[in-house]
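Written below as structure tokens is the structure these notes are about.
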Amino acid sequence: MTETPDLDPEDRKIVTLARSARARNGVPEGAAVRDETGRTYVAGTVGLDSLKLSALRTAVAMAVASGAKSLEAAAVVTEAESASAEDLAAVRDLGGPGTPVLVAGPDGTVRETVSAG
């Protein structure tokens, strides 16, 4: 993984987890979110005939289903240039408008950090 020098260790962790999920599952995107207690939820893209979810929306859904009340941060590893509006909305719904979303390329380099709001 290419290092992003000024990245907080906890943020680096969720980027690494997201990258691992993408590689391990051979899916277009991997994502991870960290809740208010520090727990992490990791997911890949869901591409069933009957259900299609981005990795980030899947990770948010996993956090909600596990009882998370809010998010501290989110990360997505993708070839896309930035997070989709739908992904940002899902993070905002649980984490609030100021929740940072780290968008990294397949090599793990964070390209941008955007606010969910």
Side-chain angles (χ1 to χ4, degrees):
M1 177 167 112
T2 304
E3 290 295 315
T4 305
D6 56 345
L7 202 58
D8 175 271
E10 291 299 312
D11 290 344
R12 182 173 287 117
K13 175 183 171 184
I14 61 172
V15 171
T16 300
L17 290 169
R19 185 172 182 239
S20 296
R22 180 181 184 267
R24 179 180 59 250
N25 298 323
V27 292
E29 294 181 338
V33 298
R34 185 175 62 246
D35 74 8
E36 75 283 359
T37 67
R39 290 179 298 181
T40 55
Y41 305 88
V42 182
T45 308
V46 174
L48 300 174
D49 288 340
S50 62
L51 179 64
K52 301 205 183 305
L53 289 172
S54 71
L56 193 48
R57 281 179 272 164
T58 303
V60 170
M62 291 171 64
V64 170
S66 296
K69 302 296 181 210
S70 82
L71 296 177
E72 290 182 349
V76 60
V77 173
T78 181
E79 290 186 16
E81 289 302 312
S82 80
S84 71
E86 294 87 356
D87 284 352
L88 294 176
V91 172
R92 183 177 56 248
D93 283 350
L94 184 57
T99 305
V101 178
L102 298 100
V103 181
D107 68 351
T109 301
V110 176
R111 287 185 282 214
E112 69 174 347
T113 302
V114 297
S115 171

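For the pair Val103 and Glu81, the minimum side-chain heavy-atom distance is 4.5 Å or more.
Checked options Ile14, Val101, Leu56; the residue passing with Val33 is Leu56 (criterion: side chain to side chain contact (heavy atoms under 4.5 Å, CB included)). Each of Asp87, Val60, Val46 was evaluated against Ser54; a single residue qualifies, Asp87, per the side chain to side chain contact (heavy atoms under 4.5 Å, CB included) test.
Atoms CZ and CG, on Arg24 and Leu17 in that order, are 8.5 Å from each other to the nearest 0.5 Å. Atom CG of Asp11 sits about 9.0 Å away from atom CD of Glu72, to the nearest 0.5 Å. Here the CG-CG distance, from Asp35 to Leu94, works out to 8.5 Å after rounding to the nearest 0.5 Å. The OG atom of Ser70 lies 13.0 Å from the CG atom of Asp93; values are rounded to the nearest 0.5 Å.
Both Leu71 and Val114 are assigned to one and the same hydrophobic cluster, defined by single-linkage of ILVMFWY side chains at heavy-atom distances under 4.5 Å. Val76 and Val27 fall into different hydrophobic clusters, where Ile, Leu, Val, Met, Phe, Trp and Tyr side chains are chained together by heavy-atom contacts under 4.5 Å. Leu88 is connected to Tyr41 through a chain of hydrophobic side-chain contacts under 4.5 Å among Ile, Leu, Val, Met, Phe, Trp and Tyr, so both are in one cluster. Val15 and Met62 fall into different hydrophobic clusters, where Ile, Leu, Val, Met, Phe, Trp and Tyr are joined by side-chain heavy atoms under 4.5 Å apart, directly or via other members.
Panel note: side chain Thr45, backbone Glu29; a donor-acceptor pair is recorded below 3.5 Å. In this structure, Thr109 contributes its side chain and Gly105 its backbone to no donor-acceptor pair below 3.5 Å. For Arg57 (side chain) and Ala89 (main-chain N/O), no donor-acceptor pair under 3.5 Å exists by modelled atom type. Although no hydrogens or angles enter the test, the distance criterion places no donor-acceptor pair under 3.5 Å between the side chain of Arg39 and the main chain of Arg34.
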For this session: Check the pair Leu102, Leu7 against side-chain contact (heavy atoms from CB on, under 4.5 Å), reporting the backbone distance first and the verdict last.
Result: CA-CA 10 Å; Leu102 298 100; Leu7 202 58; 3.3 Å; yes
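Pairing each heavy atom of Ala43 with each of Thr58, the nearest pair is CB-CG2, 3.6 Å. Closest non-hydrogen pair, Ala18 versus Ala75, comes out as CB-O, 4.1 Å. Ala116 approaches Arg92 most closely through the heavy-atom pair O-NH1, 2.7 Å.
Taking 4.0 Å as the cut-off between side-chain N and carboxylate O, Glu79 and Arg22 count as a salt-bridged pair. Electrostatic pairing of Lys69 and Glu36 does not count as a salt bridge here, judged by no charged N lying under 4.0 Å from a carboxylate O.
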